[in-house]
Amino acid sequence: MSNRTFTMIKPDAFRNGHSGAILDRIIKEGYAIRALKLIHLSAEKAGQFYAVHKARPFYGELVAFMSSGPIIAAILEKENAVESFRKLIGATDPAKAEEGTIRKMFAASVGENAVHGSDSDENAKIEGDFFFSGLEQC
Ligand code: ADP
Ligand code: MG
């Protein structure tokens with residue numbers, strides 16, 4: 001287990017001014033930030049990141065949304081990071097997310113759901129390396 005995961009504060013949460021509160025929550029939950037950047041994805045780059053969802057009906061909407069404004073990308077470290085962080089963010093659809101989860105608190109819809117969290121150690125590494133060079137990962 002790598003004990004690292006990858007997250008993004010998505011354009012909705014950034015636009016709505018929730019970045020500080022979300023980062024504060026993440027740090028208070030015991031995650032150490034190992035890489036961090038503000039970046040505005042092109043549609044091409046957003047499409048590459050979510051290529052696994054290419055066949056899904058919401059792919060076009062997802063790519064447009066993820067390239068609609070800046071995001072904050074980060075690599076986080078904590079014991080059992082991938083699984084614990086998925087619990088902290090809550091279900092994909094904020095209406096189904098548990099009380100107190102980040103998506104429940106800050107997200108408005110299944111599409112615009114405030115944050116990303118990797119779903120496996122393997123994908124955490126792939127996604128972290130998509131955004132950060134080795135020099136940028138502490
Ligand atoms: P998660 O981000 O919880 O891992 P998925 O990997 O299934 O969820 O989907 C990736 C992202 O695609 C979601 O976070 C959300 O932004 C978007 N998405 C998923 N399902 C839908 C849907 N039914 N309609 C619109 N957007 C969706
Ligand atoms: Mg996913």
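When a ligand or atom number is given, it counts from 1 through the structure's own listing order. All of these numbers come straight from a predicted model, not from anything done at the bench. For reference, positions follow the sequence shown, starting with 1.
Residue E98 places its CD atom among 12 or fewer non-hydrogen atoms of other residues, nucleotides or ligands, all under 6.0 Å distant. At most 12 non-hydrogen atoms from other residues, nucleotides or ligands lie less than 6.0 angstrom from NZ of K54. A 6.0 Å sphere centred on CD of E122 holds no more than 12 heavy atoms belonging to other residues, nucleotides or ligands.
With salt bridges taken as basic N to acidic carboxylate O contacts below 4.0 Å, none links D121 and K125.
Proximity of M66 to ligand 1, defined as any heavy-atom pair under 4.0 Å, is not found for any part of the residue. Neither the backbone nor the side chain of D119 comes within 4.0 Å of ligand 1, counting heavy atoms alone.
Nearest protein heavy-atom neighbour of atom 1 (P) of ligand 1: T92 OG1, 3.6 Å. For atom 26 (N) of ligand 1, the closest non-hydrogen atom on the protein side is G111 CA, 3.4 Å. Shortest contact from atom 7 (O) of ligand 1 to any protein heavy atom: H53 CE1, 4.0 Å.
Taking the six-membered ring where the residue is Trp, F6 and F49 present tilted rings, their angle falling between 30° and 60°.
Between E61 and ligand 1, not a single N/O pair is under 3.5 Å apart. The N/O atoms of E112, backbone and side chain alike, include none that comes under 3.5 Å of an N/O atom in ligand 1. Checked by distance only, ligand 1 and R56 stay at 3.5 Å or farther apart across all their nitrogen or oxygen atoms.
For L62, the heavy-atom gap to ligand 1 drops under 4.0 angstrom. Distances from ligand 1 to the non-hydrogen atoms of M8 include no value under 4.0 Å. At least one heavy atom of R86 sits less than 4.0 Å from an atom of ligand 1.
Considering each of V110, D93, V115, the one bringing a non-hydrogen atom nearest atom 15 (C) of ligand 1 is V110. Residue F58 holds the heavy atom nearest to atom 27 (C) of ligand 1 of all those in Y59, F65, F58, F49.
In this structure, N3 contributes its side chain and E77 its backbone to no donor-acceptor pair below 3.5 Å. Here the side chain of K37 pairs no donor or acceptor atom with the backbone of E136 at under 3.5 angstrom. R34 places no side-chain N or O within donor-acceptor distance of the main-chain N or O of I75, the cut-off being under 3.5 Å.
The shortest distance between side-chain heavy atoms of D129 and Q137 falls below 4.5 Å.
Interface atoms of ligand 1 facing N113, defined by a heavy-atom separation under 4.0 Å, are 13 (C), 14 (O), 15 (C), 16 (O). Against a heavy-atom cut-off of under 4.0 Å, R103 is close to the following atoms of ligand 1: 1 (P), 2 (O), 3 (O), 14 (O).
Judged by the 6.0 Å and 45° rule, K45 forms a cation-pi pair with F130.
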